[in-house]
Amino acid sequence: MFRNYARTLCLCVGLFILSFVWINQQHENFSHKFVAISRKISTLTVTKIDENESTPKETSRFFVFSPQCKIPYVNPFDVSFQQWDLLKFKPCTNEPALVSVIYDSSKRQYKLHLNTDVAKKNFSSYGNYGCTCQEARSGSGDTIAYLGKAAYIHQDWPVPTHFVGVIVECHEVRNKSRVLQRDAFFFIQYPKNRNEANDAKRGAEYPSVFLFGIDSMSRMNFHRSMPLTAKFVSQEGWYEMEGYNKVGDNTLPNLLAVLTGRTPRQWRSKCDVRKEGCLDSLPFLWDLFRNAGYLTAYAEDLASMSTFNYLKEGFSRRPVDFYLRHFMMVIEQEMKTINYDELNFCVGRRHSFSYILDFAKQLIERFIVENPKPLFGLFWTSSCTHDDFQGGRHLDKPFVRYLEEFQEYGLLKNSIVILLSDHGTRFGPLAEHFTGFLEERLPMLHIYIPPWYRKRYPRVANALQLNRNRLSSNYDLYLGIRQIIEEIHPRMEFQPLFPPNTIHSILRVLPRNRTCSQAGIPEHWCTCKPFVNVQVTDFFVELSKLIVDRMNEFLKMLGVEGDCHLVIPKKILQADQQLHFDELGNVVAAPNGLETFRLLFTTIPNDGMFRTIVHSNANHSIFHTEVDMISRVSPYKNESYCVKDAVAKKFCLCRKDKFLKLHRGREKKVRKVKYEFMEDREGEYYDESHRFTIT
Ligand SMILES: *[C@@H]1O[C@H](CO)[C@@H](O)[C@H](O)[C@H]1NC(C)=O
Ligand SMILES: *[C@@H]1O[C@H](CO)[C@@H](O)[C@H](O)[C@H]1NC(C)=O
Ligand SMILES: *[C@@H]1O[C@H](CO)[C@@H](O)[C@H](O)[C@H]1NC(C)=O
Ligand SMILES: *[C@@H]1O[C@H](CO)[C@@H](O)[C@H](O)[C@H]1NC(C)=O
Ligand SMILES: *[C@@H]1O[C@H](CO)[C@@H](O)[C@H](O)[C@H]1NC(C)=O
Ligand SMILES: *[C@@H]1O[C@H](CO)[C@@H](O)[C@H](O)[C@H]1NC(C)=O
Ligand SMILES: *[C@@H]1O[C@H](CO)[C@@H](O)[C@H](O)[C@H]1NC(C)=O
């Protein structure tokens, strides 16, 4: 075994160095990165071979290194990640709060307190003022929320115990349009009809589970853009899963895999998530936790484009006990918002993400500090990072401050905390970077296990330590989170996951040499087989033509060729060839002469940059690519507004007359999309890029 590794390594190193030397002659522009890569790989031979093959060493240069899977390490601080310009971080307000919330824990009641000093000091030019309060109320389903009637409130006004949120406005009595301040507050109301004795018992014995999600954050970009948070999660008890590979294109399939353990094919075969009631029928982790006696919570910013609601029906029943959605809908509608990169950055007096983390904070105060009750919560934020790969640099400081505060409250004493993302950056400079293939596919995942839990279940800590550098997927994470319930309720029965039974809980030791398909990772998203750079020959020019034909064919199939310019290949920027390994990890020839290539190329007239995986033999008599395997890495903004299909949007540049017509008429032109063409997509029907459609 040992010898085989050494042989493989030498072979790999040989290949890399060979390709480096050769590329150096052919393509000066790609040489610098291969200098870096080959240097790193040569150090690997002496460091990584270790009989335990578990602990990652500083010098190890693969995230995962096994016979079946070799995920190359990317140094997040490599010089090739240039210093991109950063938009300035803006505070939402520097005005002190005129109204604040006080919680009376003996009466279990919130009060609204007027800070009269602030009024005197900061609003001295105003005459007498009064403050009104309006209740933010949820309507039916996920799509309707109301704002109640405004009523004047007095000092230390007790908030009725059924209110989930309010908007407060203080204005001059004389002239109501002279507003001193508007603010919005939500309340974690103490749950009624709980068995307090049971709760107290469970609160002492069951670990609470907190999932904090940051949208579109790869593990590399996390270390680079959020160094303070990265430092926080490197403390004892935290495990970084470096072999965590996404399973679907965008947020929905990746998050549903974590929350339901289901593949897109499975949840799609059940019902259509765009239809009412569909999501309610899926068993989510929060349902399992509720059955096990937990309170449940879920909050996400950007209500208009949130994971389960963007072009989908969302939940028709409230999915969790504490659900922030309706409050977020109301405030995004009613409060002044400041956009940043087209997303709501500030809502009222706070950053959009603050509501999510404040929500977690209030839950911690109520159910970790005051009245311990086991809680399962998901807190997801996209507002900083969804459209800006540098957004983490804004989020870092406030985010780590929240984590520190949670720690002071004692969150890390009892709870299992998971910091995760759905995928990495899919468009723009980071996707275009030569590590973009990995960037897109390797979301961050950090798991915290509290000391008592590590002591009680030493095998969990041991497994996590080993699994850090083993291939893992969203499905393993699902089983891992579910295992927390299994430990407390050994007799509770769960539905088995999809066959074959190669998905394992991430809290148990994962097989070292598993393949992507065993981990439920579709081939297209798999990062296990490294690529080597090859010379751009006529062969690849021919290949790029075939790929572009495939794109145009797809546009024609949808019947949108009249609306879109057809695509023409322009330039091949990079060609890579996949290495193949046998069971023992030796490099072997491609089966049947069918090679896998990765091309990065540009097109006109849409000025697009694409990264595509294709399979082809030497004379292209066998050629295979799916439209899904063609990733658009340069942003397309709204240039494809005239089509609605998520895939077509990647290729289509709308014709000019369509543009003009659309603008003059200001009508909404939505082409009916034929979904039968997309049946074997692994992802969802729509993708997030639909945000760019004109409405
Ligand atoms: C390298 O890049 C520069 C500009 O980016 C270009 O002018 C030059 O032709 C490229 N060289 C090769 C060998 O591709
Ligand atoms: C492997 O693990 C065992 C037991 O955990 C330990 O005693 C041994 O020193 C380790 N070997 C290496 C090379 O780290
Ligand atoms: C509010 O008043 C305090 C005390 O006078 C002052 O320090 C602060 O700058 C004021 N803030 C604003 C936004 O006016
Ligand atoms: C009330 O305040 C607004 C805004 O400051 C002002 O435009 C308006 O003239 C005021 N109305 C009266 C009656 O003073
Ligand atoms: C994994 O390794 C074991 C022995 O080390 C071997 O029996 C098994 O076939 C391997 N599995 C795969 C998928 O290579
Ligand atoms: C080239 O294509 C022909 C069919 O057109 C096929 O018979 C032949 O095997 C191909 N050659 C290679 C090397 O794949
Ligand atoms: C696309 O967006 C740009 C910038 O936001 C805007 O100027 C342009 O009018 C938009 N085009 C269409 C067709 O909406």
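No experiment lies behind these values; they were computed from the predicted model shown. When a ligand or atom number is given, it counts from 1 through the structure's own listing order. Along the sequence shown, the residues carry numbers beginning at 1.
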Exercise. Can you list the ligand 4 atoms lying under 4.0 Å from a non-hydrogen atom of Ser177?
Worked result: 1 (C), 2 (O), 3 (C)
Exercise. Think Arg366 forms a cation-pi with Tyr103, using NZ or CZ under 6.0 Å from the six-ring centre and within 45 degrees of its axis?
Worked result: yes
For this session: Tell me, please, whether Tyr323 has Arg318 positioned over its six-membered ring: NZ or CZ under 6.0 Å from the ring centre and within 45 degrees of its axis?
Result: no
For this session: May I ask you to check if ligand 4 and Arg178 share an N or O to N or O distance below 3.5 Å?
Result: no
Problem set entry | Winner among Asn122, Asp117, Thr93 once heavy atoms are compared against atom 12 (C) of ligand 3 | Asn122
Exercise. Is atom 7 (O) of ligand 3 in close reach of the protein, with a heavy atom under 4.0 Å away?
Worked result: no
Problem set entry | Under-4.0 Å heavy-atom contact between protein and atom 14 (O) of ligand 3 | yes
Exercise. Identify the closest protein heavy atom to atom 10 (C) of ligand 4: which residue and atom is it, and at what distance?
Worked result: Asn175 ND2, 2.3 Å
Problem set entry | His171 ring center within less than 6.0 Å of Tyr152 ring center | yes
Exercise. Centres of the Phe308 and Phe284 rings: under 6.0 Å?
Worked result: yes
Exercise. Short list, please: which atoms of ligand 3 are under 4.0 Å from a heavy atom of Asn94?
Worked result: 13 (C)
For this session: Could you list the atoms of ligand 3 found under 4.0 angstrom from a heavy atom of Lys121?
Result: 2 (O), 4 (C), 5 (O)
Exercise. Minimum heavy-atom separation for Arg108 to Asn371, with atom names?
Worked result: NH2-ND2, 3.3 Å
